[in-house]
Each structure stands twice: as structure tokens, then as C-alpha cells.
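Please read the structure below before turning to the comments.
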Amino acid sequence: MDKTLPSLAAAVADIGDGATVMIGGFGGSGAPVELIHALLARFRETGSPRDLTIVNNNAGNGSIGIAAMIKAGMVRKMICSFPRSSNAEAFNEKYLAGEIELELVPQGTLAERIRAAGAGIPAFYTPTSYGTELAEGKPVEEFDGRMYVRENWLKADVALLKANVGDRMGNLTYRLAGRNFNPIMAMAAARTIAQVSSIVAPGDIDPETVVTPGIFVDGLVEVANPQQEEVLVRSGAVA
Amino acid sequence: MTLTKLSNAQIAWRAAQDLQDGWYVNLGIGFPEMIATFQPEGRDVVYHTENGVLGFGPAPKDGEEDWDLINAGKKAVTLNPGAAIFHHADSFAMVRGGHLDLAVLGAYQVAQNGDLANWRVGSKGVPAVGGAMDLVHGAKRVAVVTEHVTKDGKPKLVESCTFPLTGLGCVTRVYSSLAVVDIRDGRFVLREKLPGLTFDELQAVTGAPLQVEGDFADLIVPALD
């Protein structure tokens, strides 16, 4: 078994117009910048994919990564918990101009909806958002004297992730807090693609240290010495 | 009337005195984070951050940041011995599952029944909620650090919130710039107030009745720069 993909361009070649794409990371930590920029390059060359729904905790920073996708006009909708971070002008401008949709989801609900999709659980009840405007229109139910809100799973067509080491079978490890949403997004997408700093042979990752088992991963592409999104934003980089 | 009041650092210092040895604690981004700097000596507290770290430590020196190691405020942090890293669903299982001893947040308004409004003040602009709506449910104690009144003198401790809610009946204690107030059975219960302030003066800048159960104490805080 070898899930290695030949290039970043090959890794994003099958993502279609209107797709829902989960992108790993929390701010710049664990963000797959090279995969995002490969998708952006394809859009600039071919006009596709467009009308994407992007799932991420945030809505891009600076002029790179998700912010560059938004600026380029390839994103129709963001599903996220915290779009209003610093340097989020790309999203803010489009949102205030009515040119991009926003589905605002509490962070823990976002994580659990993704996890549930990956685990085959179509809905669950959470105390989060009960009685607030983010629960309007959602079914509620009482359990042991407390009220809970029903939330549905959140699936994606594709997940683009950043991991640290991957073996050819798709087993993954992560670096520091770059783990965040990456392992649960790996489970929730029909097709999961990870960029990794190095691809090793099966057996070179101790099975006890595997974080994402290869069953959740469809393809991996090696990006040695990947760029770090926060460092790029701070340097004023433009994609 | 100009009230002598505590600075944010002094409010954070007072909140820090209640941290107990062995607690797992989440401090909201911004003002609540300051509480960690006043953690009393000899008490072991493990800090949780939503993006998947237990046991993070202070910021690294300038130039030594590793931007893959950040907290929920997207600031660079370090790892203390015994730290653990996990994914987002596990992180919020810790939050909602009742595993945290304390969560501390900021507030626009807190109501006498424990309702909290802290995520937006109206329908304009770009809304953002982050983990606030999760953090108010599940932690064994949910505390708020806040000015007692707004910049234009309106009470922040109110009868009922007028701003959009973050959670219903979730706040258990408020550390304000004038007082320490518990929320019990739908009422504000005064625990401490600044000694230079009479009860009536404090009540006048509080939007709902302050109850007294037994004694309340003087709120004494060191001068901090």
C-alpha cells in the first residue's frame, strides 16, 4: 500500500466546484499552507474550483492561506467559530459587503460535529448555545433536568491537513499544538489529503505513537520544511 | 461620583487567590489570562487551552516562539513538565464533560440569575463566538472578571441581560472592580466590597439587589503597577 501523491498539484486536482473543504489548523498552527496555495494556484490558472464551502476554526489571516482564497473569490461560504481575528480583513470585507456567507458555530460544537461525522453519528445533544441566538430553530430536549440543543454532524468532500510524519500507509503524527482540528477532520471527509514534513516506510512510526490511523487518510504529499502560516502572516507575505 | 476602583491587574490578583492546588483551569483570552501571573506560590494549577494543550506555561522569550505552540488567544506559549497535547474534540470533551475545575471569562453583562452576555453587543459587524459558549457549560465553577460598570457608568451586573446571551444561568462568581459577588439561587450575594465604599454606594451602581448572607468582607488587594 502506498498513498503517496506525486505533487501538491496532484493532491488538489480532484477538488470540484461547490465542494465542502475542511482545512486543518487553528490560526496558523497546523495550517496546511502549501496545500491551500496549490488549490489557489489551480483556481488562478483554471477558474476552478470555485463556490467552495470552507470549514476551519477561523476565516483566514493576512494575505495568505484561507484569506488568499477568500480574496481570490473562490469561497462562497465559511463555517467557523471565530472569523473576527486580527488581520482578518479579507473575510471581513467580503462579509460586510454581503459577498460571503457565514455559518457561525461554537468551537466545541464545531469540533464535535466534525468528530460525529467521522464516527457515523448523525446528531448529538450539547448544552452549548442553549437559550442563545445560535440555537434558534434547533430542536432541544431535557436530559436529567438540563436542556440541550441538537446538533447535526458536519461532513466534507475533502479535508486538507498538515501533519508531521506520515508513513506510506497514511499513519500520521503531528507537531505540538498543530494537531488541533487535523485528526477529527481526517475522519469526517470523503477524501482526506495530508501534507507531511517527511514520508517514511511502514513500521518507521511506532504504532503506539500513531495519532491518525491510515484508514482515515487517502493521500499524502511530502512538503519538507513546510512554511508556518503565522510566520508568513507576521512577515506580511502575500500569496 | 468618581469611584476608587481596582485595576484589571488587581481584579486578576483577587481572582488568583481563589485558585486551589490541583485545579485544572481555563482562562479566557485577554483579561482573564492575567490571572495566571498572580497564581499563589505553592499551588499547582494546570492550565487548559481550547486548541488542545493541558499544562502550558508562560510565553517564551522574544525570538524563541514556536508558532505551532500557541494558546487560544494565538499567543506563543511553552510547555510545563507534565503537559499533554490532544485534538479539538478531546479538548472540548474536557470542557463540556465537567472535567475543568474553573473557567474564567470576561463579560459585557452578568445577570442575577447567572446569565452571561460576553460575545457580541448587537447585530452589527462580524460575529465571532470561539469557545465561549462551550466554556460556560461544564466547568465546575464559571467566574467572570469585569469592571463593575461600563465606561459610561451603566451597571454590568444587571437584573437581566440586554445583550445577546452566551449562556443561561452559568456564572457562579463575579470578580469586579468594586466587589466579589456570588450568584446563588438567582440572586447576587455580596462576599467582599472595597472598604472605601458603602453598601448603598455599591448597590447604586449594581443593576439588581445585592443580598447579604452573614458577613461580607473588605476587598483588600495590594497596589500593583
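Letters go in sequence order (proteins before strands), and every chain restarts at 1. Just so you know, these numbers come straight off a predicted model, no measurement behind them.
For CG of A/Asp206, the number of neighbouring non-hydrogen atoms (other residues, nucleotides, ligands) closer than 6.0 Å is greater than 12. Within 6.0 Å of the CE atom in A/Met169, the count of heavy atoms belonging to other residues, nucleotides or ligands does not exceed 12. The number of heavy atoms from other shown groups lying within 6.0 Å of CG (B/Leu224) is above 12. Counting heavy atoms of neighbouring residues, nucleotides and ligands inside a 6.0 Å radius, atom CG of A/Asn225 does not exceed 12 of them. The number of heavy-atom neighbours closer than 6.0 Å to NZ of A/Lys138, taken from other residues, nucleotides and ligands shown, is above 12.
Note that OH of A/Tyr130 and SG of B/Cys170 are 13.0 Å apart. Values are rounded to the nearest 0.5 Å. The structure places OG1 of A/Thr212 at 8.0 Å from NE2 of B/His87, a figure rounded to the nearest 0.5 Å. Note: A/Leu176 CG to B/Ile70 CD1 = 11.0 Å, rounded to the nearest 0.5 Å. Annotation: the span from A/Arg175 atom CZ to B/Leu69 atom CG amounts to 8.5 Å, rounded to 0.5 Å. Between B/Lys124 atom NZ and A/Leu96 atom CG the span is 11.5 Å, to the nearest 0.5 Å. The distance from the OG1 atom of A/Thr132 to the CG atom of B/Asp115 is 11.0 Å, given to the nearest 0.5 Å.
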*asked:* Could you walk me through whether B/Lys75 and A/Glu230 satisfy the salt bridge (Lys or Arg N to Asp or Glu O under 4.0 Å) test, starting with their C-alpha distance in whole Å, then the side-chain angles of each, then the deciding distance to 0.1 Å, before giving a yes or no?
replied: CA-CA 10 Å; B/Lys75 292 187 185 127; A/Glu230 181 69 22; over 6 Å; no
*asked:* I'd like to know whether A/Leu104 forms a side-chain contact (heavy atoms from CB on, under 4.5 Å) with B/Trp119, so could you lay out the CA-CA distance, the side-chain angles of the two residues, the decisive distance to 0.1 Å, and finally the verdict.
replied: CA-CA 12 Å; A/Leu104 190 71; B/Trp119 72 288; 3.5 Å; yes
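Side-chain polar atoms of B/His137 and A/Arg146 form a donor-acceptor pair below 3.5 angstrom. Side-chain contact check for A/Gln228 and B/Asp68: at least one donor-acceptor pair (N or O, by modelled atom type) lies under 3.5 Å. Between B/His88 and A/Glu112, the side chains place no donor N or O within less than 3.5 Å of an acceptor N or O (distance only, hydrogens not considered).
Heavy-atom distances place no part of A/Asn182 under 4.5 Å from chain B, backbone and side chain included. Proximity to chain B is limited to the side chain of A/Thr126, based on heavy atoms less than 4.5 angstrom apart. With a 4.5 Å cut-off on non-hydrogen atoms, A/Tyr174 does not touch chain B at all. For a residue to count as touching a neighbouring chain, one of its non-hydrogen atoms must lie under 4.5 Å from one of that chain's; by this rule A/Leu102 touches chain B with the side chain only. Contacts between A/Val105 and chain B at a heavy-atom distance below 4.5 Å involve the backbone alone (N, CA, C, O). Contact annotation for A/Arg115: only side-chain heavy atoms (C-beta onward) come within less than 4.5 Å of a heavy atom of chain B. With a 4.5 Å cut-off on non-hydrogen atoms, A/Tyr95 touches chain B through its side chain but not through its backbone.
Each of B/Val129, B/Leu135, B/Asp134 was scored for a side-chain contact (heavy atoms from CB on, under 4.5 Å) with A/Gln107, with one residue passing: B/Asp134.
By the 4.5 Å heavy-atom criterion applied to side chains, B/Trp67 and A/Leu232 are not counted as neighbours.
Per-residue heavy-atom pair counts under 4.5 Å with chain B were compared for A/Ala59, A/Gly178, A/Pro83, A/Ala31, and the maximum is reached by A/Pro83. Comparing B/Thr49, B/Leu168, B/Asn51 by how many heavy-atom pairs each has under 4.5 Å with chain A, the most go to B/Asn51. Of the residues considered (A/Leu134, A/Asn57, A/Asn92), A/Leu134 shows the highest number of contacts with chain B, using heavy-atom pairs under 4.5 Å. Chain B forms more heavy-atom pairs under 4.5 Å with one residue of A/Pro106, A/Gly131, A/Ala111 than with any other, namely A/Pro106. The greatest number of non-hydrogen atom pairs below 4.5 Å with chain A, out of B/Ala72, B/Ala117, B/Gly52, B/Gly167, is found for B/Ala72.
Without hydrogens or angle criteria, A/Arg84 side chain to B/Val126 main chain gives a donor-acceptor distance under 3.5 Å.
Closest of all the heavy-atom pairs between B/Lys74 and A/Phe26 is CE-CE2, 3.6 Å. Shown here for A/Arg179 and B/Ile85, the closest heavy-atom pair between the two residues is NH1-O, 3.5 Å. The heavy-atom pair separating A/Pro127 from B/Arg96 by the smallest distance is CD-CD, 4.1 Å. Contact detail for A/Glu133 and B/Pro164: the closest heavy-atom pair is OE1-CB, 3.4 Å.
Using a cutoff of 4.0 Å between basic side-chain nitrogens and carboxylate oxygens, A/Arg234 and B/Glu65 are not scored as salt-bridged.
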